[in-house]
Number of protein chains: 2
Amino acid sequence: MTDLFPDKGHDHGRCIDSALHQAEIVAEANNARFTNMRRRVFTLIWQSHKAITAYELLDALQAEGVRAQPPTVYRALEFLVGLRLIHRIESLNAYFGCDMPDCEHLGQYFICRNCGRVAEAVNEDMSRAVRTAAGIVGFKIEATTIEIKGLCHDCAAH
Amino acid sequence: MTDLFPDKGHDHGRCIDSALHQAEIVAEANNARFTNMRRRVFTLIWQSHKAITAYELLDALQAEGVRAQPPTVYRALEFLVGLRLIHRIESLNAYFGCDMPDCEHLGQYFICRNCGRVAEAVNEDMSRAVRTAAGIVGFKIEATTIEIKGLCHDCAAH
DNA sequence: GACGAAATGATATAATATAACACTTCAATA
DNA sequence: TATTGAAGTGTTATATTATATCATTTCGTC
């Protein structure tokens, strides 16, 4: 078994740094401006491996002393989702950092209801199953949402 | 190709009747009361093959002369979702009638962004892929959301 | 430095959802 | 059949999530 969820002792500072670095590259490649506000929001999202809501981000920004309003947060989120630097988890109305923003992928999200952590997986069998099912019914796919709720390995064990 | 979406000329009255009939059976089997309000909401959801939001339902009820408030609608929805008589489409914040409430299934929803229709499919390859992926990472599944947006066969053709 | 496009600020409000408490309905049964 | 208790619904208020609109600022380009 390979646990997708990060170790308890993992060096989270490195997670964030690496994500930021990748994000800068992606933004650059898209001729998009990775502004201060966007960087702040992105960094806040990466503070944990949980999904975070727009208003939690807003509170966090305000706690940092930034005078922000909802539209500011939603704009940053829209930007980041657009570049696939983060993903929106529909069933939580929340956002989650993507750790493979440089390749197009159909991600599936495992969401632990106990610890709140989210892990993204890419699974070719699943992608193929979706494509095949769509093909059979003549459906032209534009976006796919796969969200799986339950207990992560750690939480299921306790 | 088998189009999951109903024919233009299909007898929708029969859809509704059949759904209502099945719903009554399911409710009975669960010792649950299929009250007037719940029946009204259920019937409204089945008025079309589109997903409908809570507030659209509320408006429809009020248009029928029923003096309803949001909690009334949300309670009926909760009841119906609980019995799996309807499904919530997370990415639309909307609800959709299930046409196979009598068997437990992992459904996937094809949502046409042009005509708004939704079709539910059950696909064993996909279910297996989800289970396998979860097994590999030691995740205990409790609920799965699969929503696919794009163009249905009819709309893609035009 | 002037200009225009993009980003952000600011205010207001729309859309979605739930908490809390009062009242009614209904089926079981005393 | 009257009682009663649980389930359902009514009602009011409010929480949560999201967007529209217009003013101002920032920033790269000329």
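Here the structure is a predicted model, which is why all the values come from computation and not from measurement. Every chain is numbered from 1 and lettered A, B, ... according to where its sequence line falls, protein lines coming before strand lines.
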Using the side-chain heavy atoms of [X], tell me which of these nucleotides is nearest: [options].
X       : options                : answer
B/Ala54 : C/dA7, C/dA17, C/dG9   : C/dA17
B/Tyr55 : C/dT16, C/dG9, D/dT19  : C/dT16
B/Pro71 : C/dT18, D/dA20, D/dA18 : C/dT18

Between [Y] and [X], is the closest basic N to carboxylate O distance under 4.0 Å?
X        : Y        : value
A/Arg128 : A/Asp125 : yes
A/Arg131 : A/Glu124 : yes
A/Glu147 : A/Lys149 : no

Within the stacking criterion (centroid distance below 5.5 Å, interplanar angle below 30°), does A/Tyr74 stack on D/dT19?
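It does not: the two rings, one from A/Tyr74 and one from D/dT19, miss the stacking criterion.
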
Would you kindly give the [atom1]-to-[atom2] distance between [X] and [N], to the nearest whole Å?
X       : N      : atom1 : atom2 : answer
B/Phe34 : C/dT25 : CZ    : C1'   : 18 Å
B/Glu78 : C/dT18 : CD    : C1'   : 10 Å
B/Leu57 : C/dA17 : CG    : P     : 11 Å
A/Ile89 : D/dT17 : CD1   : C1'   : 16 Å
A/Gln69 : C/dT13 : CD    : C1'   : 13 Å
A/Leu61 : C/dT8  : CG    : C1'   : 13 Å
A/Leu77 : D/dT19 : CG    : P     : 10 Å
B/Leu58 : C/dT18 : CG    : P     : 15 Å

Map A/Ala94 and B/Ala76 onto DNA chain D by nearest heavy atom, then report which one ends up closer to the 5' terminus.
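The residue whose closest nucleotide sits nearer the 5' end is B/Ala76.
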
Mapping A/Leu92 and B/Arg67 onto DNA chain D by nearest heavy atom, which one lands closer to the 5' end?
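It is B/Arg67, whose closest nucleotide lies nearer the 5' terminus.
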
Which part of the nucleic acid does [X] contact within heavy-atom distance under 4.0 Å: base, sugar-phosphate only, or nothing?
X       : result
B/Arg75 : base
A/Arg88 : sugar-phosphate
B/Arg39 : nothing

Does some side-chain heavy atom of A/Glu64 sit less than 4.5 Å from a side-chain heavy atom of A/Leu44?
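Side chain of A/Leu44 against side chain of A/Glu64, heavy atoms only: contact under 4.5 Å found.
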
Side-chain contact test, heavy atoms from C-beta onward, threshold under 4.5 Å: evaluate it for A/Ile111 versus A/Ser91 and give yes or no.
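Side chain of A/Ile111 against side chain of A/Ser91, heavy atoms only: contact under 4.5 Å found.
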
5'-most by nearest nucleotide on DNA chain C - B/Arg33 or B/Pro70
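That would be B/Pro70.
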
Taking only side-chain nitrogens and oxygens of B/Thr35, does any of them come within less than 4.0 Å of OP1 or OP2 of D/dT9?
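Yes, because at least one side-chain N or O of B/Thr35 sits under 4.0 Å from OP1 or OP2 of D/dT9.
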
For D/dT17, take OP1 and OP2 only and decide whether either is under 4.0 Å from a side-chain N or O of B/Asn93.
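For D/dT17, neither OP1 nor OP2 has a side-chain N or O of B/Asn93 closer than 4.0 Å.
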
